[in-house]
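Before any comments, here is the structure.
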Amino acid sequence: MGEKVITASGMDRSIPRNINVRKFVEPRASELEALQSIIWNRMNTDICDQRSKRRRTSSYLTNASRKRKNKKMRLDSNDIDLEKGEKKASRKKRRRAEFKMNSGTGFSTSGDGTKRLRTHVWHAKRFTMTKLWGFHLPLGLQGRGKGSRALLKRYKDGVLIHDASYYVAIQLEGPGDSLISVLRMVLVPSTVSHSQDISRAIISGGIYGRAILHDVRAPGANAIAPVTYMWRPCPCGNKEFNVDNHSGSVFKTIDCIDTPSTTRRLWIWLHASASSEGYDALQFACQKEMDERNISIDCSSLEGQLAKLEVFGSNASQLLEKILHPIARASQNLWQLKKHSSGGSEGDSHLKIFSNLENESYMPSHEIVSVTLKDPRTLPKEKIADVQDSTSMPKPADLSTTFSKDIEISSNNEVSLSSLDSRINRDGFSPENKELWDANSGMRPPVEDTVICASRHETRMNHFCIDEPTAEMSKHLSPLQYSSTCPALLLNENEESSSLVRWSIILPISWVKAFWIPLISRGARAIGLRERHWISCEVGLPSFPWDFPDCAAYSRFMAKEATAVDNKAECSNFIKRPFKIPIPPPWHSVQLTLTKGPDGVENNGASTEKILAHCETAMVGVRHGKSFDGIVARTSSLLFDFLNEMNLGHLPLFPKGQDKKARILEFLNNKSALDQCKNSINQTSYTTRSCFVRVLLRACKKGSFEEGAVICAPKSSDPLRTSRLEDDESALRVPESAIRHYFKEQSPSTWELQLPEDYIARESHRWPIGFVTTGFVHGSKKPVAEGLCEATLLARLREQQWDGMFAKKKEQIYVLVRNMRSSAYRVALATVILEQLEDDLEFM
């Protein structure tokens with residue numbers, strides 16, 4: 001039956017379900033003829049398109065190519081399976097069907113076994129792709145790698161999104177005390193190393209932890225990769241907040257205390273470049289724990305089951321509020337459910353993030369929230385502005401008046417999709433109530449796009465009162481093994497110590513495309529590995545594996561980079577080919593600076609037999625495949641313990657958390673402490689063992705620091721605070737003939753520092769104390785480079801600079817930075833991270 005409407009004459013007339021096009025056009029024939037006559041007169045009776053403006057769809061095909069195409073079509077048509085009598089699909093059709101598949105687990109692979117992300121097709125159309133760590137990953141936008149200024153502006157004023165599904169989760173399940181013992185073996189710092197409140201919050205599952213995974217099988221417990229670990233929340237409903245007045249942090253605590261024998265579960269997230277190595281180390285630690293206690297611990301990899309989406313930017317919270325709509329039972333303390341203003345059913349709610357100034361003190365930075373989200377494709381698509389610029393968003397009143405009809409249709413779409421859920425329920429397929437922690441038992445994929453499109457099409461047809469055959473709809477709705485709700489974990493990764501604004505969404509891998517397209521369509525800009533590295537440098541966080549030379553993944557990554565650079569150089573002209581530089585940097589060359597002592601560094605003296613012996617010892621690790629020989633202190637306690645172990649606790653290094661302010665004042669006010677430090681430095685016998693700390697480098701006046709640049713120790717006579725070194729004509733420079741010979745290649749992938757013999761080169765020679773791991777982002781207004789420097793050498797520089805060079809004592813340390821292919825030294829200020837923060841465990 002049709003709907004009844006009242007016409008202008010006051011008569012009731014039913015709207016027909018079927019529209020006859022001919023009867024619809026006949027009353028309007030005069031209007032169409034009038035329009036045709038107007039067009040005829042304006043076109044001077046020439047209504048044919050010009051030949052130059054005609055679209056030639058097959059003009060590029062030559063006769064030979066047409067013949068080849070026709071021949072291929074004939075061969076494909078003859079390729080018929082005689083037994084089944086079906087035509088074999090072409091490779092193009094098979095690949096298209098493969099890309100459209102959305103299986104519950106696993107990645108699709110190419111011919112060589114390289115895995116593809118679920119968003120591979122979307123990225124491959126827009127990004128430069130690269131094979132890395134066993135995946136086809138988006139490197140960045142098409143071009144020569146520029147566009148950092150626009151990216152940083154979008155990060156400041158908009159939203160960025162990155163598909164980090166190449167991260168792998170390793171699941172450990174067993175008794176709680178045994179799992180803590182395993183973590184104590186492989187993680188530095190372990191869970192129990194934190195304060196009591198933080199340890200309790202991590203173990204209870206309220207927040208996640210960060211640490212460095214080590215391999216207990218190797219001597220010295222070599223670092224593998226930085227990890228993020230999280231515990232499954234305890235099955236307890238009483239939760240409360242515990243506020244730390246000293247740090248201003250807020251953590252969830254649970255009233256109930258689990259017994260040691262309670263079975264617990266935790267996830268350890270590993271980067272794809274170190275997933276196999278980390279998995280083997282965890283398996284070995286679990287097996288060792290099982291042998292000692294005679295218990296059972298399950299260690300399994302969840303690769304291909306979970307996905308991770310990272311959302312960056314100042315407007316990331318606002319975008320998540322629009323996209324993420326949890327069901328009512330998922331309300332948490334950090335997140336609240338708010339009814340729509342238009343009113344709705346009991347489950348019609350959306351996510352509200354406490355992001356205003358009044359509630360900032362109640363937002364723990366490492367919060368984990370377990371929610372069950374609605375399918376974002378089934379929500380009403382109201383005509384609202386993108387979340388790129390909050391100042392340009394139209395008013396809600398204007399939206400309601402302008403797009404009232406579209407909102408009405410969108411709301412009808414939601415009703416239709418809810419009816420689809422009811423059909424599934426009647427057939428016995430109710431939506432899942434599983435948590436994401438049960439991903440290993442299988443998760444239902446989302447409803448297919450064809451089903452949603454068919455439902456929306458049916459809703460539109462009903463709105464316009466047009467009949468539609470139900471055969472197609474029933475055809476699309478035949479597979480009912482789907483779900484309309486998605487279990488997810490939301491991680492709040494906003495850091496108070498940096499300007500990073502980041503949220504992570506962990507969800508089943510089959511749901512990636514269901515959330516990816518709505519996030520992109522609402523204003524988020526996708527980024528690749530290159531842009532993600534830029535963001536990490538802008539906010540001053542290390543990025544794996546670029547800033548982790550103590551890990552084996554760094555050596556493998558740099559070896560691949562060196563091969564790519566060599567292949568590119570071989571393709572260029574021999575005359576214009578740039579000279580080779582060490583990739584990765586020769587970290588063992590810092591040992592020469594340690595063995596020189598303060599007098600040798602100041603005088604640039606020639607090498608002695610003792611120095612050569614120390615250098616030979618340092619080269620042993622390089623010959624055995626270890627390009628980095630030393631440790632990287634990423635916590636204040638680790639640096640403090642190293643200084644005490646080497647009897648160097650008197651050095652002017654002040655890790656935060658070890659009475660930093662009191663030690664600085666005591667060191668500055670006590671002149672005898674300066675003299676004692678100077679005498680002890682002269683008498684210290686430096687060994688080949690080195691400890692590196694991460695520093696942030698800022699150019700004093702000018703200069704651009706590239707990745708791999710050498711950080712050198714200035715002499716006490718260098719005018720660091722004047723502009724003489726910053727002038728291009730009078731800057732301290734290495735002779736052009738000595739640039740190529742500063743490092744000399746002894747064998748493939750083995751470089752050695754060359755001590756200058758010429759007098760001019762010896763005067764301009766400065767000893768290396770570290771290297772730049774991440775260079776400047778050229779589009780940044782305040783460019784910052786990241787590097788690693790030897791701790792005792794930094795302390796020696798600070799002692800020299802505080803002793804008499806400057807009247808004003810600075811916490812920053814003046815260093816000289818020189819790019820590998822440049823001859824000029826640039827003055828930079830180095831800030832030690834561990835003097836600003838208690839730990840340096842945050843990473844991207």
Side-chain angles (χ1 to χ4, degrees), residues 55 57-58 60-61 69 89-103 106-151 153-155 158-167 272 304 307-313 316 319 323 375-377 381 386-388 445-453 456 505 507-535 564:
R55 184 179 179 184
T57 57
S58 61
Y60 62 92
L61 293 176
K69 183 179 179 180
S90 62
R91 180 177 178 271
K92 181 178 180 180
K93 292 182 179 180
R94 294 197 305 269
R95 281 172 54 85
R96 184 178 300 175
E98 179 184 356
F99 288 143
K100 288 184 178 180
M101 292 176 59
N102 190 25
S103 57
F107 298 97
S108 62
T109 58
S110 57
D112 56 353
T114 307
K115 295 182 282 291
R116 299 188 183 97
L117 301 178
R118 292 301 176 97
T119 57
H120 173 78
V121 177
W122 192 95
H123 281 104
K125 292 180 179 180
R126 300 164 177 87
F127 283 70
T128 300
M129 306 298 291
T130 180
K131 288 184 180 180
L132 202 59
W133 310 316
F135 285 87
H136 289 284
L137 297 178
L139 179 61
L141 293 177
Q142 297 285 352
R144 294 178 293 176
K146 297 184 179 181
S148 57
R149 182 176 301 176
L151 175 75
K153 183 178 180 181
R154 178 64 69 92
Y155 172 75
V159 185
L160 304 174
I161 185 173
H162 177 71
D163 187 3
S165 301
Y166 48 87
Y167 275 82
K308 185 179 182 182
L309 299 180
E310 296 179 342
V311 185
F312 309 88
L319 178 62
I323 298 298
D375 193 338
R377 302 171 299 170
K381 295 185 177 180
D386 296 340
V387 196
Q388 298 176 3
V447 180
E448 294 289 345
D449 291 335
T450 55
V451 178
I452 297 178
C453 293
R456 288 175 177 170
I505 310 173
L507 61 160
I509 195 170
S510 59
W511 282 84
V512 173
K513 290 188 289 185
F515 282 85
W516 181 264
I517 300 301
L519 287 169
I520 294 294
S521 61
R522 288 296 180 93
R525 173 182 170 180
I527 60 175
L529 295 175
R530 183 196 298 132
E531 290 89 354
R532 188 174 182 267
H533 193 192
W534 288 343
I535 296 296

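Counting heavy-atom neighbours within 6.0 Å of Arg149 CZ, excluding the residue itself, gives a total of 12 or less.
Atom-to-atom distance recorded for Leu319:CG and Leu160:CG is 11.0 Å, nearest 0.5 angstrom. For the atom pair NE2 of His123 and OG1 of Thr128, the computed distance is 12.0 Å after rounding to the nearest 0.5 Å. Thr114 OG1 to His120 NE2: the interatomic distance, rounded to the nearest 0.5 Å, is 10.0 Å. Taking NZ from Lys131 and NE2 from His136, the interatomic distance works out to 5.0 Å, rounded to the nearest 0.5 Å. Distance check: Tyr155 OH to Ile527 CD1 gives 10.0 Å after rounding to the nearest 0.5 Å. Atom CG of Leu519 sits about 4.0 Å away from atom CD1 of Ile161, to the nearest 0.5 Å.
A salt bridge is defined here as a Lys NZ or Arg NE, NH1 or NH2 lying under 4.0 Å from an Asp or Glu carboxylate O, and Asp449 with Lys513 fails to meet this definition. Here Glu531 does not pair with Arg525 in a salt bridge; the nearest charged N to carboxylate O distance is not below 4.0 Å.
Screening Glu98, Arg91, Arg96 for a side chain to side chain contact (heavy atoms under 4.5 Å, CB included) involving Arg94 leaves a single residue, Arg91.
A heavy-atom distance below 4.5 Å is found between the side chains of Pro138 and Met129. For the pair Arg118 and Ser165, the minimum side-chain heavy-atom distance is 4.5 Å or more. Counting only heavy atoms from C-beta outward, the side chains of Ser510 and Ser103 never approach each other to under 4.5 Å. Phe107 has its side chain within reach of Leu117: a pair of non-hydrogen atoms, C-beta onward, lies under 4.5 Å apart.
Note on ring orientation: taking the six-membered ring where Trp is involved, the planes of Phe515 and Trp511 are tilted (angle from 30° to 60°). In this structure, Trp516 and Trp122 have perpendicular ring planes: the angle between them is above 60°, well past the 30° mark.
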Steps toward side-chain contact (heavy atoms from CB on, under 4.5 Å) verdict (Asp163, Leu309):
CA-CA 5 Å; Asp163 187 3; Leu309 299 180; 3.6 Å; yes
Given Leu151 and Leu141, is the side-chain contact (heavy atoms from CB on, under 4.5 Å) satisfied, shown in steps?
CA-CA 11 Å; Leu151 175 75; Leu141 293 177; over 6 Å; no
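Heavy atoms only, all atoms of each residue included: Ile509 and Gly106 are closest at CD1-O, 4.1 Å. Taking each heavy atom of Ala514 and Asp375 in turn, the nearest pair found is CB-OD1, 4.1 Å. Between Pro518 and Ile323 the shortest heavy-atom distance is O-CD1, 3.7 Å. Scanning all heavy atoms of the two residues, the minimum distance from Ala272 to Phe135 falls at CB-CE1, 4.0 Å. For the pair Gly140 and Arg530, the tightest heavy-atom approach, listed with the atom from each and the gap, is CA-NH1, 3.7 Å. The minimum heavy-atom distance linking Trp534 with Gly145 is given by the pair CH2-O, 3.0 Å.
When the side-chain contact (heavy atoms from CB on, under 4.5 Å) test is applied to Lys146, the partners found at least two apart in sequence or on another chain are Arg144. Contacts of Tyr167 classified as side-chain hydrogen bond (donor to acceptor under 3.5 Å, both in side chains), with partners at least two apart in sequence or in another chain: none.
Distance alone, capped at 3.5 Å, places no donor-acceptor pair between the Arg116 side chain and the Phe99 backbone.
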